[in-house]
There are 2 protein chains.
Amino acid sequence: MKRAHKLVSEYMEKVGSRYTMQKKAIVDELCKVKTHFEVDDFIVKMHQKDNDFSRATVYRVIKQLLEGGFLQKINTKDGKVFYEQNFGDKLHDHIICNNCGRIQEIKDDLVGDLLDKYCLKINFEADYRSLHIYGLCDKCQKKA
Amino acid sequence: MKRAHKLVSEYMEKVGSRYTMQKKAIVDELCKVKTHFEVDDFIVKMHQKDNDFSRATVYRVIKQLLEGGFLQKINTKDGKVFYEQNFGDKLHDHIICNNCGRIQEIKDDLVGDLLDKYCLKINFEADYRSLHIYGLCDKCQKKA
DNA sequence: ATGCATGCAAACTTTTTGCAGATCA
DNA sequence: TGATCTGCAAAAAGTTTGCATGCAT
(Lines give C-alpha, C1' and ligand atoms only; values in the text may rest on other atoms or scores of the structure.)
Protein backbone atom coordinates (compact mmCIF):
# COMPACT_ATOMS: atom_id res chain seq x y z
CA MET A 1 0.00 0.00 0.00
CA LYS A 2 2.70 2.46 0.97
CA ARG A 3 4.66 1.27 -1.99
CA ALA A 4 1.98 2.30 -4.47
CA HIS A 5 1.79 5.76 -2.97
CA LYS A 6 5.51 6.12 -3.21
CA LEU A 7 5.60 5.01 -6.82
CA VAL A 8 2.76 7.24 -7.90
CA SER A 9 3.90 10.25 -5.97
CA GLU A 10 7.34 9.96 -7.47
CA TYR A 11 5.84 9.69 -10.89
CA MET A 12 3.64 12.72 -10.35
CA GLU A 13 6.60 14.74 -9.27
CA LYS A 14 8.55 13.60 -12.29
CA VAL A 15 5.85 14.81 -14.66
CA GLY A 16 5.26 18.01 -12.69
CA SER A 17 1.87 17.10 -11.33
CA ARG A 18 0.64 17.31 -7.74
CA TYR A 19 -0.15 14.32 -5.60
CA THR A 20 -3.48 15.46 -4.25
CA MET A 21 -5.95 14.03 -1.77
CA GLN A 22 -8.09 12.77 -4.62
CA LYS A 23 -5.22 11.02 -6.30
CA LYS A 24 -4.23 9.39 -3.02
CA ALA A 25 -7.79 8.24 -2.49
CA ILE A 26 -7.88 6.74 -5.96
CA VAL A 27 -4.59 4.93 -5.46
CA ASP A 28 -5.87 3.58 -2.13
CA GLU A 29 -8.98 2.27 -3.77
CA LEU A 30 -6.99 0.74 -6.61
CA CYS A 31 -4.87 -1.14 -4.11
CA LYS A 32 -8.02 -2.64 -2.67
CA VAL A 33 -9.62 -3.53 -5.98
CA LYS A 34 -6.72 -5.59 -7.39
CA THR A 35 -8.74 -7.13 -10.23
CA HIS A 36 -10.16 -5.48 -13.35
CA PHE A 37 -12.95 -2.95 -13.01
CA GLU A 38 -15.11 -0.60 -15.03
CA VAL A 39 -14.72 3.16 -14.76
CA ASP A 40 -18.34 3.63 -13.86
CA ASP A 41 -18.25 1.18 -10.98
CA PHE A 42 -15.10 2.80 -9.77
CA ILE A 43 -16.71 6.21 -9.83
CA VAL A 44 -19.58 4.86 -7.74
CA LYS A 45 -17.10 3.57 -5.18
CA MET A 46 -15.33 6.89 -4.98
CA HIS A 47 -18.68 8.59 -4.51
CA GLN A 48 -19.45 6.35 -1.59
CA LYS A 49 -16.27 7.48 0.07
CA ASP A 50 -16.91 11.12 -0.71
CA ASN A 51 -20.06 12.49 -2.27
CA ASP A 52 -18.21 15.34 -3.90
CA PHE A 53 -15.74 13.17 -5.73
CA SER A 54 -16.19 14.11 -9.33
CA ARG A 55 -16.48 11.99 -12.39
CA ALA A 56 -14.10 14.29 -14.22
CA THR A 57 -11.39 13.81 -11.63
CA VAL A 58 -11.59 10.06 -11.89
CA TYR A 59 -11.19 10.29 -15.64
CA ARG A 60 -8.35 12.77 -15.34
CA VAL A 61 -6.46 10.68 -12.83
CA ILE A 62 -7.06 7.43 -14.66
CA LYS A 63 -5.53 9.00 -17.74
CA GLN A 64 -2.45 9.99 -15.78
CA LEU A 65 -2.09 6.62 -14.15
CA LEU A 66 -2.42 4.96 -17.50
CA GLU A 67 0.33 7.13 -18.90
CA GLY A 68 2.46 6.29 -15.91
CA GLY A 69 1.89 2.62 -16.47
CA PHE A 70 0.07 2.12 -13.18
CA LEU A 71 -3.07 1.07 -14.92
CA GLN A 72 -3.70 -1.29 -17.75
CA LYS A 73 -6.59 -0.92 -20.14
CA ILE A 74 -8.63 -3.91 -21.23
CA ASN A 75 -10.99 -3.57 -24.20
CA THR A 76 -13.56 -6.29 -24.51
CA LYS A 77 -14.85 -7.30 -27.90
CA ASP A 78 -18.24 -5.75 -27.31
CA GLY A 79 -16.70 -2.39 -26.63
CA LYS A 80 -16.55 -2.36 -22.84
CA VAL A 81 -13.49 -0.90 -21.20
CA PHE A 82 -11.92 -2.27 -18.06
CA TYR A 83 -8.88 -1.19 -16.14
CA GLU A 84 -6.57 -3.15 -13.94
CA GLN A 85 -4.08 -1.75 -11.50
CA ASN A 86 -0.48 -2.61 -11.92
CA PHE A 87 1.86 -1.11 -9.39
CA GLY A 88 5.30 -2.14 -10.42
CA ASP A 89 4.54 -5.65 -11.46
CA LYS A 90 4.59 -7.04 -14.92
CA LEU A 91 1.88 -6.37 -17.45
CA HIS A 92 -0.91 -8.87 -17.64
CA ASP A 93 -2.23 -10.46 -20.78
CA HIS A 94 -5.85 -11.50 -20.72
CA ILE A 95 -8.16 -14.21 -21.87
CA ILE A 96 -11.81 -13.21 -21.99
CA CYS A 97 -14.80 -15.51 -22.30
CA ASN A 98 -17.41 -14.23 -24.76
CA ASN A 99 -20.09 -16.13 -22.96
CA CYS A 100 -19.65 -15.58 -19.24
CA GLY A 101 -17.35 -12.58 -19.44
CA ARG A 102 -14.76 -14.12 -17.17
CA ILE A 103 -11.34 -12.55 -17.52
CA GLN A 104 -8.29 -14.59 -16.69
CA GLU A 105 -4.62 -13.83 -16.93
CA ILE A 106 -2.19 -15.51 -19.24
CA LYS A 107 0.38 -17.02 -16.97
CA ASP A 108 3.25 -17.76 -19.24
CA ASP A 109 6.41 -15.72 -19.36
CA LEU A 110 7.27 -17.12 -22.76
CA VAL A 111 4.67 -14.89 -24.38
CA GLY A 112 6.17 -11.71 -22.96
CA ASP A 113 9.68 -12.90 -23.72
CA LEU A 114 8.87 -13.67 -27.30
CA LEU A 115 7.26 -10.26 -27.82
CA ASP A 116 10.20 -8.52 -26.20
CA LYS A 117 12.53 -10.33 -28.52
CA TYR A 118 10.48 -9.36 -31.52
CA CYS A 119 10.52 -5.68 -30.54
CA LEU A 120 14.24 -5.83 -30.08
CA LYS A 121 14.62 -7.33 -33.52
CA ILE A 122 12.68 -4.59 -35.29
CA ASN A 123 14.12 -1.93 -33.02
CA PHE A 124 10.84 -0.88 -31.44
CA GLU A 125 10.99 0.56 -27.95
CA ALA A 126 7.85 -0.88 -26.34
CA ASP A 127 6.38 0.70 -23.26
CA TYR A 128 3.01 -0.97 -23.06
CA ARG A 129 1.09 -3.78 -24.56
CA SER A 130 -2.43 -5.05 -24.65
CA LEU A 131 -3.11 -8.67 -25.43
CA HIS A 132 -6.59 -10.08 -25.25
CA ILE A 133 -7.78 -13.42 -26.46
CA TYR A 134 -11.52 -13.97 -26.84
CA GLY A 135 -13.44 -17.19 -27.04
CA LEU A 136 -15.13 -19.79 -24.91
CA CYS A 137 -13.71 -20.80 -21.56
CA ASP A 138 -13.66 -24.44 -20.54
CA LYS A 139 -16.79 -24.16 -18.43
CA CYS A 140 -18.82 -22.46 -21.13
CA GLN A 141 -17.73 -25.05 -23.70
CA LYS A 142 -19.26 -27.75 -21.58
CA LYS A 143 -22.55 -25.87 -21.30
CA ALA A 144 -22.77 -25.37 -25.05
CA MET B 1 -12.95 -9.34 -54.48
CA LYS B 2 -15.44 -12.02 -55.43
CA ARG B 3 -14.00 -14.14 -52.68
CA ALA B 4 -14.89 -11.63 -49.97
CA HIS B 5 -18.46 -11.41 -51.20
CA LYS B 6 -18.74 -15.15 -51.20
CA LEU B 7 -17.37 -15.45 -47.69
CA VAL B 8 -19.56 -12.74 -46.25
CA SER B 9 -22.69 -13.79 -48.06
CA GLU B 10 -22.25 -17.34 -46.80
CA TYR B 11 -21.73 -16.04 -43.31
CA MET B 12 -24.82 -13.86 -43.49
CA GLU B 13 -26.86 -16.79 -44.62
CA LYS B 14 -25.49 -18.90 -41.81
CA VAL B 15 -26.56 -16.39 -39.19
CA GLY B 16 -29.88 -15.73 -40.90
CA SER B 17 -29.13 -12.24 -42.09
CA ARG B 18 -29.58 -10.74 -45.53
CA TYR B 19 -26.77 -9.78 -47.83
CA THR B 20 -28.08 -6.39 -48.87
CA MET B 21 -26.86 -3.74 -51.29
CA GLN B 22 -25.41 -1.77 -48.39
CA LYS B 23 -23.51 -4.72 -47.04
CA LYS B 24 -22.13 -5.47 -50.48
CA ALA B 25 -21.04 -1.86 -50.86
CA ILE B 26 -19.30 -1.98 -47.50
CA VAL B 27 -17.50 -5.19 -48.36
CA ASP B 28 -16.42 -3.70 -51.70
CA GLU B 29 -15.03 -0.67 -49.97
CA LEU B 30 -13.26 -2.82 -47.36
CA CYS B 31 -11.55 -4.75 -50.12
CA LYS B 32 -10.20 -1.48 -51.45
CA VAL B 33 -9.07 -0.09 -48.12
CA LYS B 34 -6.89 -3.03 -47.05
CA THR B 35 -5.16 -1.19 -44.21
CA HIS B 36 -6.62 -0.01 -40.90
CA PHE B 37 -9.19 2.78 -40.89
CA GLU B 38 -11.41 4.77 -38.56
CA VAL B 39 -15.17 4.35 -38.60
CA ASP B 40 -15.73 8.01 -39.23
CA ASP B 41 -13.48 8.15 -42.26
CA PHE B 42 -15.14 5.05 -43.55
CA ILE B 43 -18.57 6.61 -43.14
CA VAL B 44 -17.39 9.62 -45.13
CA LYS B 45 -16.29 7.34 -47.93
CA MET B 46 -19.58 5.54 -48.00
CA HIS B 47 -21.33 8.89 -48.12
CA GLN B 48 -19.33 9.88 -51.14
CA LYS B 49 -20.55 6.79 -52.92
CA ASP B 50 -24.12 7.33 -51.83
CA ASN B 51 -25.42 10.35 -49.99
CA ASP B 52 -28.11 8.38 -48.26
CA PHE B 53 -25.80 5.80 -46.76
CA SER B 54 -26.48 6.02 -43.08
CA ARG B 55 -24.14 6.12 -40.16
CA ALA B 56 -26.29 3.60 -38.36
CA THR B 57 -25.99 1.07 -41.14
CA VAL B 58 -22.22 1.31 -41.15
CA TYR B 59 -22.17 0.64 -37.43
CA ARG B 60 -24.63 -2.20 -37.72
CA VAL B 61 -22.73 -3.90 -40.50
CA ILE B 62 -19.35 -3.37 -38.87
CA LYS B 63 -20.68 -5.11 -35.80
CA GLN B 64 -21.79 -8.09 -37.86
CA LEU B 65 -18.54 -8.29 -39.78
CA LEU B 66 -16.63 -8.16 -36.54
CA GLU B 67 -18.66 -11.03 -35.16
CA GLY B 68 -18.04 -12.94 -38.34
CA GLY B 69 -14.33 -12.35 -38.01
CA PHE B 70 -14.10 -10.33 -41.20
CA LEU B 71 -12.96 -7.28 -39.33
CA GLN B 72 -10.41 -6.81 -36.64
CA LYS B 73 -10.67 -4.07 -34.07
CA ILE B 74 -7.63 -2.07 -33.02
CA ASN B 75 -7.82 0.08 -29.91
CA THR B 76 -5.08 2.65 -29.61
CA LYS B 77 -3.85 3.71 -26.23
CA ASP B 78 -5.45 7.13 -26.49
CA GLY B 79 -8.85 5.65 -27.05
CA LYS B 80 -9.12 5.72 -30.80
CA VAL B 81 -10.67 2.77 -32.56
CA PHE B 82 -9.51 1.42 -35.87
CA TYR B 83 -10.68 -1.52 -37.89
CA GLU B 84 -8.87 -3.65 -40.39
CA GLN B 85 -10.39 -6.01 -42.89
CA ASN B 86 -9.49 -9.63 -42.76
CA PHE B 87 -11.14 -11.82 -45.33
CA GLY B 88 -10.01 -15.30 -44.62
CA ASP B 89 -6.44 -14.59 -43.74
CA LYS B 90 -4.83 -14.85 -40.39
CA LEU B 91 -5.36 -12.33 -37.66
CA HIS B 92 -2.88 -9.52 -37.48
CA ASP B 93 -1.10 -8.40 -34.36
CA HIS B 94 -0.10 -4.76 -34.27
CA ILE B 95 2.67 -2.50 -33.14
CA ILE B 96 1.65 1.11 -32.71
CA CYS B 97 3.94 4.10 -32.34
CA ASN B 98 2.83 6.52 -29.64
CA ASN B 99 4.57 9.34 -31.38
CA CYS B 100 3.78 9.15 -35.07
CA GLY B 101 0.81 6.82 -34.85
CA ARG B 102 2.22 4.38 -37.38
CA ILE B 103 0.69 0.95 -37.13
CA GLN B 104 2.69 -2.03 -38.31
CA GLU B 105 1.98 -5.71 -38.27
CA ILE B 106 3.83 -8.26 -36.24
CA LYS B 107 5.21 -10.64 -38.78
CA ASP B 108 6.12 -13.67 -36.79
CA ASP B 109 4.11 -16.84 -36.75
CA LEU B 110 5.73 -17.94 -33.52
CA VAL B 111 3.60 -15.47 -31.58
CA GLY B 112 0.36 -16.90 -32.86
CA ASP B 113 1.59 -20.45 -32.45
CA LEU B 114 2.61 -19.86 -28.88
CA LEU B 115 -0.75 -18.34 -28.01
CA ASP B 116 -2.58 -21.19 -29.71
CA LYS B 117 -0.59 -23.66 -27.68
CA TYR B 118 -1.37 -21.83 -24.48
CA CYS B 119 -5.10 -21.83 -25.20
CA LEU B 120 -4.96 -25.52 -25.94
CA LYS B 121 -3.22 -26.12 -22.64
CA ILE B 122 -5.84 -24.34 -20.56
CA ASN B 123 -8.65 -25.65 -22.76
CA PHE B 124 -9.82 -22.29 -24.02
CA GLU B 125 -11.50 -22.21 -27.40
CA ALA B 126 -10.21 -18.95 -28.87
CA ASP B 127 -12.01 -17.29 -31.75
CA TYR B 128 -10.39 -13.88 -31.80
CA ARG B 129 -7.49 -12.04 -30.39
CA SER B 130 -6.25 -8.52 -30.15
CA LEU B 131 -2.59 -7.87 -29.55
CA HIS B 132 -1.21 -4.36 -29.61
CA ILE B 133 2.19 -3.21 -28.54
CA TYR B 134 2.73 0.49 -27.94
CA GLY B 135 5.95 2.46 -27.81
CA LEU B 136 8.37 4.31 -30.03
CA CYS B 137 9.17 3.13 -33.51
CA ASP B 138 12.73 3.19 -34.80
CA LYS B 139 12.27 6.47 -36.65
CA CYS B 140 10.77 8.30 -33.70
CA GLN B 141 13.50 7.05 -31.40
CA LYS B 142 16.05 8.76 -33.58
CA LYS B 143 14.12 12.02 -33.50
CA ALA B 144 13.87 12.02 -29.72
C1' DA C 1 0.98 33.53 -2.78
C1' DT C 2 0.76 31.27 -7.01
C1' DG C 3 -0.70 28.31 -10.06
C1' DC C 4 -2.21 23.68 -10.76
C1' DA C 5 -6.22 20.55 -9.50
C1' DT C 6 -10.94 19.98 -8.53
C1' DG C 7 -16.12 20.01 -8.97
C1' DC C 8 -19.73 21.14 -11.62
C1' DA C 9 -22.24 21.32 -15.64
C1' DA C 10 -22.31 21.61 -20.24
C1' DA C 11 -20.36 20.08 -24.51
C1' DC C 12 -18.60 16.58 -27.42
C1' DT C 13 -17.81 12.09 -29.49
C1' DT C 14 -19.07 7.73 -30.47
C1' DT C 15 -22.45 4.30 -30.73
C1' DT C 16 -27.18 2.54 -30.23
C1' DT C 17 -32.14 2.47 -30.85
C1' DG C 18 -37.23 3.22 -32.18
C1' DC C 19 -39.88 3.88 -35.89
C1' DA C 20 -41.84 4.17 -40.61
C1' DG C 21 -40.97 2.90 -44.98
C1' DA C 22 -38.05 0.21 -48.39
C1' DT C 23 -36.11 -4.15 -49.66
C1' DC C 24 -34.64 -8.89 -50.06
C1' DA C 25 -35.80 -13.96 -50.12
C1' DT D 1 -45.79 -11.65 -48.71
C1' DG D 2 -43.60 -11.01 -44.69
C1' DA D 3 -39.81 -10.50 -42.04
C1' DT D 4 -35.67 -8.07 -41.99
C1' DC D 5 -32.93 -3.99 -43.13
C1' DT D 6 -32.36 0.84 -43.84
C1' DG D 7 -32.39 5.90 -43.01
C1' DC D 8 -33.46 9.28 -40.04
C1' DA D 9 -33.37 11.53 -35.89
C1' DA D 10 -33.25 11.27 -31.24
C1' DA D 11 -31.20 9.15 -27.28
C1' DA D 12 -27.78 6.94 -24.73
C1' DA D 13 -23.17 6.05 -23.22
C1' DG D 14 -18.66 7.47 -22.46
C1' DT D 15 -15.39 11.08 -22.08
C1' DT D 16 -13.61 15.80 -22.23
C1' DT D 17 -13.53 20.74 -21.24
C1' DG D 18 -14.26 25.71 -19.47
C1' DC D 19 -14.72 28.12 -15.58
C1' DA D 20 -14.79 29.61 -10.78
C1' DT D 21 -13.08 28.05 -6.52
C1' DG D 22 -10.02 25.40 -3.53
C1' DC D 23 -5.77 23.45 -2.27
C1' DA D 24 -0.77 21.88 -2.55
C1' DT D 25 3.75 23.54 -2.68
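Reminder, nothing fancy here: chain letters follow the sequence lines and each chain counts from 1.
Considering only side-chain N and O atoms, A/Lys63 lies under 4.0 angstrom from the phosphate OP1 or OP2 of D/dT16. At the phosphate of D/dG7, OP1 or OP2 sits under 4.0 Å from a side-chain N or O atom of B/Gln22.
Of the residues in residues 46-59 of chain A, those placing a heavy atom less than 4.0 Å from an atom of DNA chain D are A/Arg55, A/Ala56, A/Tyr59, in numerical order. Near-neighbour residues of DNA chain C inside residues 8-21 of chain A, defined by a heavy atom below 4.0 Å, number-ordered: A/Ser17, A/Arg18, A/Thr20.
Salt bridge A/Arg129/B/Asp93: absent, no basic N to carboxylate O contact under 4.0 Å.
Taking atom CG on B/Leu66 and atom C1' on C/dT14, their separation rounds to 16 Å, with Å as the unit. Remark: P of C/dT16 and CD1 of B/Ile62 are 10 Å apart, rounded to the nearest angstrom. Spacing between atom NZ of B/Lys73 and atom P of C/dT15 amounts to 7 Å, rounded to whole angstrom units. Atom CZ of B/Phe82 and atom P of C/dT15 are 12 Å apart (whole Å). When rounded to the nearest whole Å, the span between CZ of A/Phe42 and P of D/dT15 equals 14 Å. When rounded to the nearest whole Å, the span between CD of A/Glu38 and C1' of D/dA13 equals 12 Å. The separation between A/Gln64 atom CD and D/dT15 atom P is 17 Å, rounded to whole Å.
B/Tyr128 and A/His132 share no donor-acceptor pair across their side chains, judged by distance under 3.5 Å alone. Side-chain contact annotation: B/Gln85 with B/His36, donor-acceptor N/O pair under 3.5 Å absent. A/Asp28 and A/His5 share a side-chain donor-acceptor pair at under 3.5 Å. Between B/Lys23 and B/Ser17, the side chains place a donor N or O and an acceptor N or O closer than 3.5 Å (distance only, hydrogens not considered). With hydrogens and angles left out, the side-chain atoms of B/Glu84 and B/Thr35 include no donor and acceptor closer than 3.5 Å.
The aromatic ring centroids of A/Phe37 and A/Phe82 lie 6.0 Å or more from each other.
A side-chain donor-acceptor contact under 3.5 Å links B/Arg3 to the backbone of B/Phe87. Using a distance-only test at 3.5 Å, with no hydrogens or angles considered, a donor-acceptor pair links the side chain of A/Gln141 to the main chain of B/Asn123.
Residue B/Lys24 is classed as having no contact, given no heavy-atom separation below 4.0 Å to the nucleic acid.
Out of D/dG7, D/dT16, D/dC5, the shortest distance to the side chain of B/Lys23 is found at D/dC5.
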